[in-house]
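In this chain, residues are counted from 1 in sequence order.
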Amino acid sequence: MADIFEQRILDLRKEINEYNHQYYVLNAPTISDKEFDDKLRELQELEKSYPQYFDAYSPTQRVGSDLTQGFKQVKHERPMISLSNSYSVDEVAEFLTRAENGLNGERCEIVGEMKFDGTSISLIYTNGRLERAVTRGDGEKGDDVTANVLTIKSIPLRLPTNGNYPDSFEIRGEILLPWKQFEALNKERAFNEEPLFANPRNAAAGTLKLQNSAEVARRNLDAYFYYILGDNLPYDTHYQNMQEAKNWGFKVAPVMEILPSLDAVREFIAYWDIERKNLPVATDGLVFKINNLRQQLNLGSTAKSPRWAVAFKFQAERACTPLKFVSFEVGRTGVVTPVANLEPVQLSGTIVKRASLHNEDIIRNLDIHEGDKLYVEKGGEIIPKIVGVDLNSRIEGSKPIEFVHICPVCGTTLKRIEGEAAWFCPNKNECRPQITGKIEHFVGRHMMNIDGIGEEVAEQLYASGLVRNIADLYDLTEEKLVSLDRFKERSAQRILNGIRESKKVPFERVIFALSIPFVGETTAKVLANATHNIDNLMAMNETELSSINEIGDKIAASIVEYFSVETNRTTIERLRNAGLQMSVSEEELQNKTDKLAGKSIVISGTFAHHSRDEYKKMITQNGGKNVSSISSKTDFVFAGENMGPAKLEKANKLGIPIINEEQFLKMIE
């Protein structure tokens with residue numbers, strides 16, 4: 001019999017699992033966020049106090065782990081083949097005719113459902129418990145990503161004990177990153193100067209293959225399920241089984257309908273071609289399936305696709321909307337970007353009101369005039385793009401859009417570097433958006449990682465006069481912060497804790513955080529490894545800097561110019577006095593070797609012992625150079641599991657040696 005604490009733990013797990021289902025699957029929360037957090041906190045404390053009741057499937061374990069692990073490849077119990085495509089109602093009709101002919105004229109009932117644009121997943125449940133999660137891979141085998149899937153709150157880890165599910169079954173679905181989370185992630189990546197994900201599909205696929213499940217949990221993936229396989233399913237039709245899966249706790253697509261005729265198919269297509277834009281996740285078409293499982297079995301599959309299902313692909317989204325005005329916006333580095341402000345139009349699940357025009361040359365090439373109607377596209381890409389002008393609707397006598405030559409914020413005359421497309425404001429230390437942008441950059445996750453300061457708070461700190469320079473952050477106190485509007489003690493402590501922890505951030509990230517033009521994350525690492533401390537870096541001239549591998553003349557000139565400004569040197573001294581790391585640690589210096597000196601190395605695949613980032617750091621520490629693409633100058637490829645086939649082919653073609661994880665570790669001892 002369970003004791004009082006074990007029973008409370010079991011009760012809390014049951015309650016929290018139910019609340020998760022209500023929130024993430026049914027979208028109908030029944031308690032407040034605070035009440036939920038309180039219950040989760042109580043469960044965490046109880047599990048900590050009574051470790052004998054640990055359960056890997058407890059809702060507290062959905063946060064993931066920061067331990068690195070490689071992905072095993074697992075053979076699918078049944079192949080995961082792709083659907084064939086159709087692009088018109090006539091082609092769907094041909095699919096139905098082929099199916100009925102294959103069944104000797106037997107009539108078929110069609111189910112229409114949404115084709116979600118994510119990454120496919122296969123889940124295996126045994127006795128109501130999630131046993132394994134495997135990606136599609138090559139269709140025959142995929143990667144075991146169970147640890148990452150456990151963090152997805154809309155996926156049930158245990159099914160209700162009273163469900164009529166088989167002892168063992170497989171359910172397939174799509175892992176997705178909802179539009180809201182996708183846009184937040186891309187905003188964060190843009191701020192950290194990381195490459196943006198082109199679309200939610202790429203973001204979901206990349207997230208699912210991360211080797212840090214805590215980061216997977218942070219990104220809030222979602223999942224919809226669309227097909228069940230097993231020997232003893234409760235019903236003989238696909239539709240009934242999927243409706244029953246809802247009762248087991250799965251998030252089944254709400255877009256699923258039995259279509260009795262081709263007219264119904266036509267109406268279904270017409271409706272969802274428009275209405276899908278209101279869905280919270282990305283879609284790229286519809287799927288039509290034969291409903292009867294016996295008929296599906298009899299129809300079977302070709303080598304590439306099932307004969308009982310077909311995909312219907314929507315056309316890439318494009319809209320024509322009036323230009324309201326062009327604004328000119330100043331970024332952290334002073335670059336002035338023209339932005340088309342549009343009459344709102346819906347594309348790919350979001351309302352588009354703005355689209356970057358990038359620079360003066362693009363405005364001129366598109367020949368945009370005041371009041372023009374502009375064509376906006378997304379297609380597979382999430383970033384709205386102006387692709388043309390509707391010249392037929394141009395207002396007679398309208399004037400071409402002229403690029404500004406005075407900073408729209410501080411009034412300073414703009415400059416243009418010879419050979420560059422961009423204009424920039426040279427008033428780096430007094431132009432407000434440049435200063436607030438530097439503050440935002442400085443506190444970012446890949447820089448000093450000071451939590452609690454986003455765009456709004458950075459603006460608030462600037463407007464209040466508390467922070468006019470990144471070094472001012474280290475003069476903040478709780479008293480100063482709580483004097484700001486809507487600031488509570490908890491928010492202030494969150495920021496102050498982040499500021500204290502930032503003093504432990506390694507030197508390479510301090511360099512990146514300084515916002516030196518053209519010095520990104522990788523360049524900052526190169527500089528830290530080459531110079532070892534800030535004084536050496538500040539003392540170097542252009543020739544000395546250019547002699548560092550990967551530091552070109554442009555970057556060298558930018559670094560020298562940055563440190564020639566007295567304000568910047570004063571900021572460095574203030575940061576040094578505040579306790580920031582201004583040199584490479586003794587431990588790192590002791591670990592430096594020349595075992596890979598002069599070697600250009602491409603790293604590809606997933607690894608069992610360390611993460612890719614850790615291996616890249618080892619390469620640098622041992623004198624090697626990380627390069628992204630294979631060429632005749634590549635010394636060797638360091639390959640883990642699932643090395644990209646294109647890289648493998650190119651390496652073999654060029655005769656580039658390929659070494660594995662064990663060989664690499666032996667090489668650097």
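Here the shortest heavy-atom pairing between R201 and G118 reads CG-O, 3.3 Å. Of all the heavy atoms in Y125 and L157, the pair that sits closest is CE2-O, 4.3 Å. The two atoms that bring L323 and F325 nearest to each other are CD1-O, 3.4 Å, heavy atoms only. When all heavy atoms are compared, the tightest approach of Y226 to S120 is OH-OG, 3.9 Å. Annotation for L177 and N220: closest pair CD1-O, 4.0 Å, computed over non-hydrogen atoms. The two atoms that bring M114 and W272 nearest to each other are CE-CE3, 3.4 Å, heavy atoms only.
Considering only residues two or more places apart in sequence or on other chains, T146 meets the side-chain hydrogen bond (donor to acceptor under 3.5 Å, both in side chains) condition with D144. In this structure, the side-chain contact (heavy atoms from CB on, under 4.5 Å) partners of A309, at least two apart in sequence or on a different chain, are L83, K289, P306. Shown here are the side-chain contact (heavy atoms from CB on, under 4.5 Å) partners of P79, two or more places apart in sequence or in another chain: I81, E140. Applying the side-chain contact (heavy atoms from CB on, under 4.5 Å) test to V352 and every residue at least two apart in sequence or in another chain returns L342, V345, L347, T350, V376, K378, P384.
The pair E170-R172 counts as a salt bridge, with a side-chain nitrogen and a carboxylate oxygen less than 4.0 angstrom apart. Salt-bridge formation is not detected for the pair R219/E188: no Lys NZ or Arg NE/NH1/NH2 atom is positioned less than 4.0 Å from an Asp or Glu carboxylate oxygen. A salt bridge between E174 and K251 is absent, with no side-chain N of the basic residue lying under 4.0 Å from a carboxylate O of the acidic one. Ionic pairing of D263 and R266 is present here: one or more N-O contacts between side-chain nitrogen and carboxylate oxygen are shorter than 4.0 angstrom. E377 and R318 are joined by a salt bridge, as a carboxylate oxygen and a charged side-chain nitrogen come within less than 4.0 angstrom of each other.
Taking CG from L233 and CG from D231, the interatomic distance works out to 8.0 Å, rounded to the nearest 0.5 Å. Taking OG from S122 and CZ from R78, the interatomic distance works out to 8.5 Å, rounded to the nearest 0.5 Å. Note: N247 CG to N162 CG = 9.5 Å, rounded to the nearest 0.5 Å. A distance of 9.0 Å separates OG1 of T126 from CG of D167, quoted to the nearest 0.5 Å. Rounding to the nearest 0.5 angstrom, the gap separating the CG atom in N241 from the NZ atom in K246 is 13.0 Å.
A donor-acceptor distance shorter than 3.5 angstrom exists from the side chain of N359 to the backbone of I362, with no hydrogens or angles considered. Counting only distance, with no hydrogens or angles, the side chain of T135 and the backbone of D143 share a donor-acceptor pair below 3.5 Å. The backbone N or O of V216 sits nowhere less than 3.5 Å from a side-chain atom of S213 that would complete a donor-acceptor pair. Of the possible polar contacts, none joining the N127 side chain to the S168 backbone as a donor-acceptor pair under 3.5 Å is found. Of the possible donor and acceptor atoms, none in the side chain of R129 sits under 3.5 Å from a partner among the backbone N and O of R158. Between the T283 side chain and the G285 main chain, no donor and acceptor come within less than 3.5 Å of each other. Between the side chain of R136 and the backbone N or O of M80 there is at least one donor-acceptor pair closer than 3.5 Å.
Heavy atoms of other residues, nucleotides or ligands lying less than 6.0 angstrom from CG of N365 number more than 12. Heavy-atom contacts from other residues, nucleotides or ligands closer than 6.0 Å to CG of N341 number more than 12.
Of the N and O atoms on the side chains of E113 and H238, at least one donor lies less than 3.5 Å from an acceptor on the other residue. If you check the side chains of N298 and W308, you find no donor sitting under 3.5 Å from an acceptor. For S154 and D222, the side-chain atoms include at least one donor-acceptor pair closer than 3.5 Å.
Using a 4.5 Å cut-off on side-chain heavy atoms (C-beta onward), K14 and L10 make no contact. Between Y224 and L176, some side-chain heavy-atom pair lies under the 4.5 Å cut-off. Residues F312 and V287 are not in side-chain contact: their nearest non-hydrogen atoms beyond the backbone lie 4.5 Å or more apart. Contact of the L357 side chain with the F328 side chain is not registered, since no non-hydrogen atoms from C-beta on lie closer than 4.5 Å. For the pair L130 and I124, the minimum side-chain heavy-atom distance is 4.5 Å or more. In this structure the side chain of L286 reaches within 4.5 angstrom of the side chain of I269, judged on heavy atoms. The shortest side-chain heavy-atom distance between L259 and V111 does not fall under the 4.5 Å cut-off. The side-chain heavy atoms of Q181 and R218, taken from C-beta on, include no pair separated by under 4.5 Å.
Listed by first and then second residue, the side chain to side chain donor-acceptor pair (under 3.5 Å) pairs involving residues 84-110 are E106-R294, E106-Q295, E109-N291 (not counting sequence neighbours). Under the salt bridge (Lys or Arg N to Asp or Glu O under 4.0 Å) criterion, the residue pairs touching residues 362-375 are E360-R364, D361-R364, D367-R394, D372-R394, with sequence neighbours excluded.
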E329 vs T337, test: side chain to side chain donor-acceptor pair (under 3.5 Å). Steps then yes/no. CA-CA 5 Å; E329 303 182 6; T337 303; over 6 Å; no
Please report the C-alpha distance between C320 and L374 in whole Å, then the side-chain angles of each, then the deciding distance to 0.1 Å, and finally whether the side chain to side chain contact (heavy atoms under 4.5 Å, CB included) criterion is met. CA-CA 5 Å; C320 190; L374 305 182; over 6 Å; no
One pair to check against side chain to side chain contact (heavy atoms under 4.5 Å, CB included): R132 and E77. What are the steps and the verdict? CA-CA 12 Å; R132 190 167 63 249; E77 293 181 12; 3.8 Å; yes
Just do the side chain to side chain donor-acceptor pair (under 3.5 Å) check on E275 and N278 with the steps written out, would you? CA-CA 6 Å; E275 193 59 28; N278 295 318; 3.0 Å; yes
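None of V149, V145, V74 except one satisfies the side chain to side chain contact (heavy atoms under 4.5 Å, CB included) rule with V134; the exception is V74.
Classification of the F250-F225 ring pair by plane angle, with boundaries at 30° and 60°, yields perpendicular. Relative orientation of the F169 and Y165 rings is tilted, given thresholds of 30° and 60° on the angle between their planes.
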